[in-house]
Enquirer: 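This is the structure, below, for whatever I ask next.
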Amino acid sequence: MAFDSLYVRHHEARSYVCQRNEIADSWIGVLEGFLRVQDTTAEGRLIMFTGVAAGGWIGEGSLLKPEQRKYEIMATRPTVTVHLPRSTFSWLLERSIPFNHFMLSHLNERLSQFIGMVKFDRLLEPTVRVARGISSLFHPVLYPNTDSMLRINQEELGLLVGVSRQRVNIALTELETAGLIQRGYGCITVTDRQALARYP
DNA sequence: ACATTAACAGGAA
DNA sequence: TTCCTGTTAATGT
């Protein structure tokens, strides 16, 4: 059957799940860990586009039309991925209405995420950026994760929102004194999700 | 002013 | 030991 071709991959921290310009052959789901969708500039600077947490999927763009990957995907910590090969992907796309519904809602949510990023870019208040960045990782469709504790360190968060690690540190103490989060070692616990999303 | 990079010490894992 | 945090000082816009 079609599902026979699903396969699972284990990735070490800081290893590539796929490289830029690679030919896409599967839709990538995250079972465990965290993926960073990024690009490296000519000067070697890292730009992070988005993250994918457990339960999320990435890479359908390069499957829906025949093209090479436009970015690289890296595991930021030990990560387990499940791969839905291109043949099975198109098989499901042709035949399964539930699969199409899932795909549509997934694409729709990612679209609104990127529309939100344009707005995000224009509000430059670093603390607000950090607050929104944390909130975005609680997206119910893109990151179906019920846990209120995020496994992300301050440098990672800075990469995600485009702020330095040191400034993230300041932002986190502000958000903690505001009673929205609690800082931890390599993690953040969100105590008030709604207020965090509406911050300030 | 305010953010960024670089560098450091100290604590957690 | 390595990783992460919290903090400085110097530099840039």
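Labels below follow one simple rule: chain letters A, B, ... track the order of the sequence lines, proteins then strands, and each chain is numbered from 1.
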Enquirer: When the aromatic ring centroids of Phe49(A) and Phe114(A) are compared, is their separation below 6.0 Å?
Expert: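 No, too far apart.
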Enquirer: Between dA3(B) and Glu125(A), counting only base atoms on the nucleotide and side-chain atoms on the residue, is there a donor-acceptor pair under 3.5 Å?
Expert: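 Such a pair does not exist between side chain and base.
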Enquirer: Is it true that a side-chain atom of Glu94(A) and a backbone atom of Trp91(A) form a donor plus acceptor pair closer than 3.5 Å?
Expert: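 Answer holds: no.
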Enquirer: Expressed in angstrom and rounded to an integer, what is the separation of Arg129(A) atom CZ from dC2(B) atom P?
Expert: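 Going from CZ in Arg129(A) over to P in dC2(B) covers 17 Å.
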Enquirer: For Glu125(A), does the CD atom have more than 12 heavy-atom neighbours from other residues, nucleotides or ligands under 6.0 Å away?
Expert: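 Count not over threshold, so no.
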Enquirer: Categorize Arg14(A) for me: base, sugar-phosphate, or nothing, with a 4.0 angstrom heavy-atom threshold over every strand shown.
Expert: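 Sugar-phosphate: the residue Arg14(A), judged by heavy atoms under 4.0 Å, touches backbone atoms but no base.
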Enquirer: Between dT2(C) atom P and Glu12(A) atom CD, what is the distance in whole Å?
Expert: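 So the two atoms are 17 Å apart, to the nearest Å.
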Enquirer: Would you indicate, yes or no, if dT7(C) has its OP1 or OP2 atom less than 4.0 angstrom from a side-chain nitrogen or oxygen of Gln166(A)?
Expert: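 No, because none of the side-chain N or O atoms of Gln166(A) sits under 4.0 Å from OP1 or OP2 of dT7(C).
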Enquirer: Quick one: sort the Tyr7(A) and His83(A) rings into parallel, tilted or perpendicular, breaks at 30° and 60°.
Expert: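 Rings of Tyr7(A) and His83(A): parallel, as their planes differ by under 30°.
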Enquirer: Give the rounded distance in Å between these two atoms: CD1 of Ile152(A) and C1' of dC4(C).
Expert: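 Rounded to whole Å, this separation is 13 Å.
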Enquirer: Check the distance between dG12(C)'s C1' and Arg167(A)'s CZ and give it to me in whole angstrom.
Expert: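 After rounding, the gap between these two atoms is 17 Å.
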Enquirer: Kindly say whether Tyr199(A) contributes a backbone atom to a donor-acceptor pair with the side chain of Arg132(A) at under 3.5 angstrom?
Expert: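 Checking the backbone N and O of Tyr199(A) against the side chain of Arg132(A), a donor-acceptor pair under 3.5 Å is found.
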Enquirer: What is the distance from CD1 of Ile170(A) to P of dA3(B), rounded to the nearest Å?
Expert: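 So the two atoms are 7 Å apart, to the nearest Å.
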Enquirer: What is the distance from CG of Asn153(A) to P of dT2(C), rounded to the nearest Å?
Expert: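 Between P of dT2(C) and CG of Asn153(A): 17 Å.
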Enquirer: Can a donor-acceptor pair be found, under 3.5 Å and without considering hydrogens, that links the side chain of Arg86(A) to the backbone of Ala24(A)?
Expert: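 It does hold such a pair.
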Enquirer: Whether the side chain of Ser135(A) engages the backbone of Ala131(A) through a donor-acceptor N/O pair (distance < 3.5 Å, no angle test) should be reported.
Expert: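 The answer is yes, because a donor-acceptor pair under 3.5 Å joins these two groups.
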Enquirer: Provide, to the nearest angstrom, the distance between the CZ atom belonging to Arg77(A) and the P atom belonging to dA13(B).
Expert: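 Arg77(A) atom CZ is separated from dA13(B) atom P by 15 Å.
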Enquirer: Please state how far atom CZ in Arg165(A) lies from atom C1' in dG6(C), giving the value in whole angstrom units.
Expert: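 It works out to 8 Å between those atoms.
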Enquirer: If only side-chain N and O atoms of Asn169(A) are considered, is one of them under 4.0 Å from the OP1 or OP2 phosphate oxygen of dT5(C)?
Expert: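 No, because none of the side-chain N or O atoms of Asn169(A) sits under 4.0 Å from OP1 or OP2 of dT5(C).
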Enquirer: Got a sec? Which of residues 174-186 of chain A come in under 4.0 Å of DNA chain B, heavy atoms?
Expert: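 Contacts with DNA chain B under 4.0 Å: Tyr185(A).
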